[in-house]
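Before any comments, here is the structure.
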Amino acid sequence: MNIIDILSNEIKIAVKELYNSDIDKKQVQVQKTRKEIAGDYTINVFPLLRISKQKPEETANAIGETLLNNTEIIENFSVIKGFLNIELKQEIWINFLKNNYSLQEFGQADITNKTLMIEYSSPNTNKPLHLGHIRNNLLGFSVAEIYKKAGNNVKKVNLVNDRGIHICKSMLAWQKFGNGETPESTGLKGDKLVGNYYVKFDQEYKKEVAELINNGIEKEAAEKTAPLLLEAQKMLIKWEAKDPEVYSLWKKMNEWVYKGFDITYKNLGVDFDKIYYESETYLLGKKIVQEGLIKGILFKKDDGSIWADLTNDGLDQKLLLRANGTSVYMTQDIGTAHQRFSEFNIDNHIYVVGNEQNYHFQVLKLILKKLGYDWADNIYHLSYGMVELPEGKMKSREGTVVDADDLIDEMINTAREKSQELGKLDEYSDAEKEQVYKTIALGALKYFILKVDPKKGMMFNPKESIDFNGNTGPFIQYAYARIRSILRKAKESNIDFSSITSTELNEKEISLIKSNYDFPETVLNSASNNNPALIANYVYNLVKEFNQFYHDFSILKEENSEIKIHRLAIANFTGTTIKNAMKLLGIEVPERM
RNA sequence: GGUUUGGUAGCUCAACUGGAUAGAGCAAUGCCCUUCUAAGGCAUAGGUUCUGGGUUCGAGUCCCAGCCGAAUCACCA
């Protein structure tokens, strides 16, 4: 039981004792005391005034006195307006330090026996990954880590969009203009090569359209009848019929893309337990739709197409099967959701998908519910805001897309330059140095993305490179490296801090211990809010706290060995917490930097 | 036009889900390396939380109206 729970209980008892009234949890507001004010926890007594029928100050004082008499953990209290500030006995914090400072897994919650599936990434095979995908991947991976830390069993899945007209476009362009180019022959990453042909298609297609318009054809008609487009559509039909030639080309080009993606995924440090391909799932869901029709939940239009009527729920009608019997995106999602819930016995399913698809997921949930699936309530759309550039949205056609690989390379270059300038890694081999540069570069990038509340849109300015100072990944990594340096030196001088006694701690030491204490709760909070930014903010505050402590007090040069040992324990504890918190963001921490 | 969503310092973001004097970083101006790593610390300056109403002990947070931006409303995925 944590301290807030203990205090809440004690307050309930005190109120019962004082005013002979039972109160529920909502009326007990225990929060951490603001920094400028003395105390550890603050009780807001305003909600209790109706019961006490006294002034705020009187109520607060009465409760304070009662708590002080009833419990062993409180040292003192003070009252400011309607706020009762409670100061705990120091031994509470020292005991907490003793019991936890050498725990490697600090922050790990008890096992919940819940399994949840997280779908993220979900790329198209016709375009290389860009900054928007980076946000998706980092969020998905981080949320998965956070849920694990919160005690859940987590399955990470990726649904690759590997079929459709857009894929045929790149295939066709490669066939026509590619001259047999391969990733090997060009030295290009496979996803880049294929992406180039997708762009090539668009260029050639536009030329054709322009020519048709020149020849006096209406714009709309020209766009629909350009030979390249017709050819691509033919190709899709051939693909669906598993035409050997088209199919093997499709396989070959997809392989190139996957090899390219794998490199990017590896650099980003994300992975999956299972990868689904739309080419294998796009027919799912048809049966369910047919059943829904029979049950009268769905309806058929005159042309034979099948629809869900959601107008009573304030939404539109939604097509689920075309007149020719082929399925749409929604059909597939109904099918895959059903497949996953029955196949894996999962309790919850999180979809990490951009907020442009809010409507889609709203409809999906509603249709599943109408079809009678109870688990529809356990679907959660983790909707995140778009990454915008100063000029607005990224547009591939205008060449404003920030490529994932390029961005990572750039970050590594910056980290290398900066690091070489500082020259603190001289003891390392070149390979070790490169490893540190990469750790720092990705730390900066990941932290930059994850510190922002997922549901909000965010701004990225490519002209101003991502910072390495201030509220950044490297700032936190740096604090960790300093802690490691101290601990190495302590080891060299054979200072043993494996057992600590009790001693008087100063304010900064206490407040550092308190900051560490908040970590497990932050993990749970972050999980229930699906928000890695809470972890990022937490670890930033922890590090700021530590840096002040580091600046104000010497650890190894402290003469009183009792105090020195405590400070080492606190440093060790803080280092572990930093490491564990950063791991939840998918960020590594270096021994030196 | 309907729906959803956002608007906080010059810029990028916080604010423990309705609590005390709205906080950080960047940028600006100073100060601190013979002291455990200066990718650090300290200080100054920067605000009518888009506007106007309302709800209550108390509103950046909830409700209503308006202004501005974004997304979406496809037999695309």
Side-chain angles (χ1 to χ4, degrees), chain A residues 29 31-37 42 44 46-47 49-50 56 80-83 85 122 124 161 163-167 278 282 301 303 305 307 314-316 318-324 326-330 332-333 354-360 362-363 383 385-386 388 390 392-393 415 418-419 421-422 424 440 444 448 451-453 455-461 464 466-479 481-490 518 521-522 525 529 533-534 536-538 540-541 543-544 547-548 550-558 567 571 592-593:
Chain A
Q29 290 185 15
Q31 51 205 252
K32 276 174 271 169
T33 302
R34 294 175 63 110
K35 258 198 164 167
E36 323 81 72
I37 297 166
T42 294
N44 182 351
F46 278 109
L49 297 184
R50 283 188 185 174
I80 304 171
K81 293 188 218 163
F83 297 94
N85 302 306
S122 309
N124 282 323
N161 176 5
R163 63 168 287 277
I165 187 75
H166 48 291
I167 313 295
E278 286 197 7
Y282 79 106
K301 286 196 177 174
D303 64 356
S305 56
W307 297 71
L315 303 173
D316 296 323
K318 181 74 194 175
L319 175 85
L320 296 178
L321 274 182
R322 296 188 184 103
N324 63 12
T326 55
S327 59
V328 293
Y329 181 41
M330 185 61 76
Q332 171 188 268
D333 267 8
N355 61 12
E356 55 203 352
Q357 291 194 36
N358 284 353
Y359 182 76
H360 173 79
Q362 200 187 345
V363 171
S383 158
M386 297 290 105
E388 282 197 27
K393 246 188 117 175
K418 179 105 189 178
S419 190
E421 210 174 279
L422 295 168
K424 293 181 188 173
I440 295 168
F448 177 81
K451 77 172 176 187
V452 181
D453 188 333
K455 63 175 181 286
K456 291 195 177 176
M458 65 179 291
M459 178 64 76
F460 174 77
N461 189 345
E464 302 165 13
I466 293 174
D467 254 307
F468 286 70
N469 301 318
N471 186 359
T472 67
F475 172 89
I476 293 158
Q477 291 171 319
Y478 181 67
R482 295 214 289 199
I483 290 171
R484 296 304 299 165
S485 170
I486 290 173
L487 295 174
R488 276 194 301 272
K489 288 190 171 136
D518 291 334
E521 195 195 315
T522 306
N525 197 12
N529 285 296
L534 299 179
N537 290 336
Y538 163 79
Y540 174 63
N541 281 318
V543 163
K544 263 208 321 195
N547 282 345
Q548 287 166 1
Y550 179 93
H551 180 265
D552 292 351
F553 302 97
S554 182
I555 296 172
L556 293 171
K557 292 192 176 142
E558 169 59 41
R567 288 184 184 165
R592 298 170 204 267
M593 69 181 273

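Chain A is the first sequence line, chain B the second, and so forth, proteins listed ahead of strands; every chain is numbered from 1. These figures come from a predicted structure and were not determined experimentally.
- Only the C1' atoms considered, B:A45 is 16 Å distant from B:G25, to the nearest whole Å.
- Nucleic acid contact class of A:Q332 (heavy atoms, under 4.0 Å, all strands): none.
- Under the 90° criterion around 0 for the glycosidic angle, B:C11 counts as anti.
- Among the heavy atoms of the strands lying under 4.0 Å from A:N44 is at least one base atom, whether or not backbone atoms are also near.
- Remark on RNA chain B: of its neighbouring residues A:A415 and A:F460, the 5'-side contact belongs to A:F460, judged by nearest-heavy-atom nucleotide.
- Nucleic acid contact for A:M593: base, since at least one base atom lies under 4.0 Å from a heavy atom of the residue.
- Of the inter-residue distances, the one linking A:R34 atom CZ with A:I80 atom CD1 reads 10.5 Å to the nearest 0.5 angstrom.
- Mapping A:K544 and A:L422 onto RNA chain B by nearest heavy atom places A:K544 at the nucleotide closer to the 5' end.
- Looking at residues two or more places apart in sequence or on another chain, you find no ring pair (Phe, Tyr, Trp, His ring centres under 6.0 Å) involving A:H166.
- Counting any heavy atom pair closer than 4.0 Å across all strands shown, A:N461 reaches no nucleic acid atom.
- With C1' as the reference atom, B:C57 and B:G47 are 26 Å apart, rounded to whole Å.
- Pair assignment for B:U55 gives none, since no Watson-Crick or G-U wobble pairing has each distance under 3.5 Å.
- On the C1' atoms, B:G54 is 27 Å away from B:C16, given to the nearest whole Å.
- Partners of A:F46 according to the ring pair (Phe, Tyr, Trp, His ring centres under 6.0 Å) rule, which considers only residues two or more places apart in sequence or in another chain, do not exist here.
- A:I440 comes within 4.0 angstrom of a nucleotide base, judged by non-hydrogen atoms across all strands.
- Using a 4.0 Å heavy-atom distance criterion, A:Y550 is classed as a base contact.
- Pairing for B:G60 is absent, judged as Watson-Crick or G-U wobble with the two contacts each under 3.5 Å.
- In this structure B:U17 sits in the syn conformation; its chi angle is within 90° of 0.
- Within the 4.0 angstrom heavy-atom criterion, only backbone atoms of the sugar-phosphate kind lie near A:E278; the bases stay farther away.
- Comparing the C1' positions of B:A28 and B:A65 gives a spacing of 40 Å, expressed to the nearest Å.
- With both ends at atom P, the span from B:U61 to B:U51 equals 11 Å, rounded to whole Å.
- Nucleotides B:A9 and B:A14 place their C1' atoms 13 Å apart, quoted to the nearest Å.
- At the heavy-atom level, A:F475 lies under 4.0 Å from the strands shown only through sugar-phosphate atoms.
- Across all strands shown, A:S419 has heavy atoms under 4.0 Å from base atoms, whether or not it also approaches the sugar-phosphate.
- Counting any heavy atom pair closer than 4.0 Å across all strands shown, A:Y359 reaches sugar-phosphate atoms only and no base atom.
- Listed by chain and residue number, A:K557 satisfy the side-chain contact (heavy atoms from CB on, under 4.5 Å) test with A:S554 (two or more places apart in sequence, or in another chain).
- Nucleotides of RNA chain B with any atom under 4.0 Å from a heavy atom of chain A span, from 5' to 3', B:G7 to B:A77.
- Here A:K81 lies in heavy-atom contact (under 4.0 Å) with sugar-phosphate atoms only.
- In this structure A:Y359 satisfies the ring pair (Phe, Tyr, Trp, His ring centres under 6.0 Å) test with no other residue, sequence neighbours excluded.
- Rounded to a whole angstrom, the distance from the P atom of B:U44 to that of B:C26 is 16 Å.
- In this structure, A:Y282 and A:R163 have side chains that are in contact, with non-hydrogen atoms separated by less than 4.5 Å.
- Here B:G6 sits opposite B:C68 as a Watson-Crick or G-U wobble pair (both hydrogen-bonding atom distances under 3.5 Å).
- For the P atoms, the distance from B:G6 to B:C64 is 14 Å, rounded to whole Å.
- Among the atoms of the strands shown, base atoms are found under 4.0 Å from some heavy atom of A:F553.
- Shown here, B:G1 forms a base pair with B:C73; the pair counts as Watson-Crick or G-U wobble because both key distances fall under 3.5 Å.
- The pairing partner recorded for B:G18 is none, the criterion being a Watson-Crick or G-U wobble arrangement whose two distances lie under 3.5 angstrom.
- Atom CD of A:Q477 sits about 9.0 Å away from atom CZ of A:F468, to the nearest 0.5 Å.
- Across all strands shown, A:I37 has heavy atoms under 4.0 Å from base atoms, whether or not it also approaches the sugar-phosphate.
- Side-chain contact annotation: A:Y329 with A:E278, donor-acceptor N/O pair under 3.5 Å absent.
- Across all strands, A:D333 comes closer than 4.0 Å to no nucleic acid atom at all (heavy-atom distances).
- Figure legend. B:G30 is base-paired to B:C42; pairs are counted as Watson-Crick or G-U wobble with both atom distances under 3.5 Å.
- In this structure, OG in A:S122 is found 9.0 Å from CD in A:Q357, a value given to the nearest 0.5 Å.
- With sequence neighbours left out, the ring pair (Phe, Tyr, Trp, His ring centres under 6.0 Å) criterion links A:F475 to A:Y540.
- Nucleotide B:U35 forms a pair with no other nucleotide shown, judged by Watson-Crick or G-U wobble geometry with both contacts under 3.5 Å.
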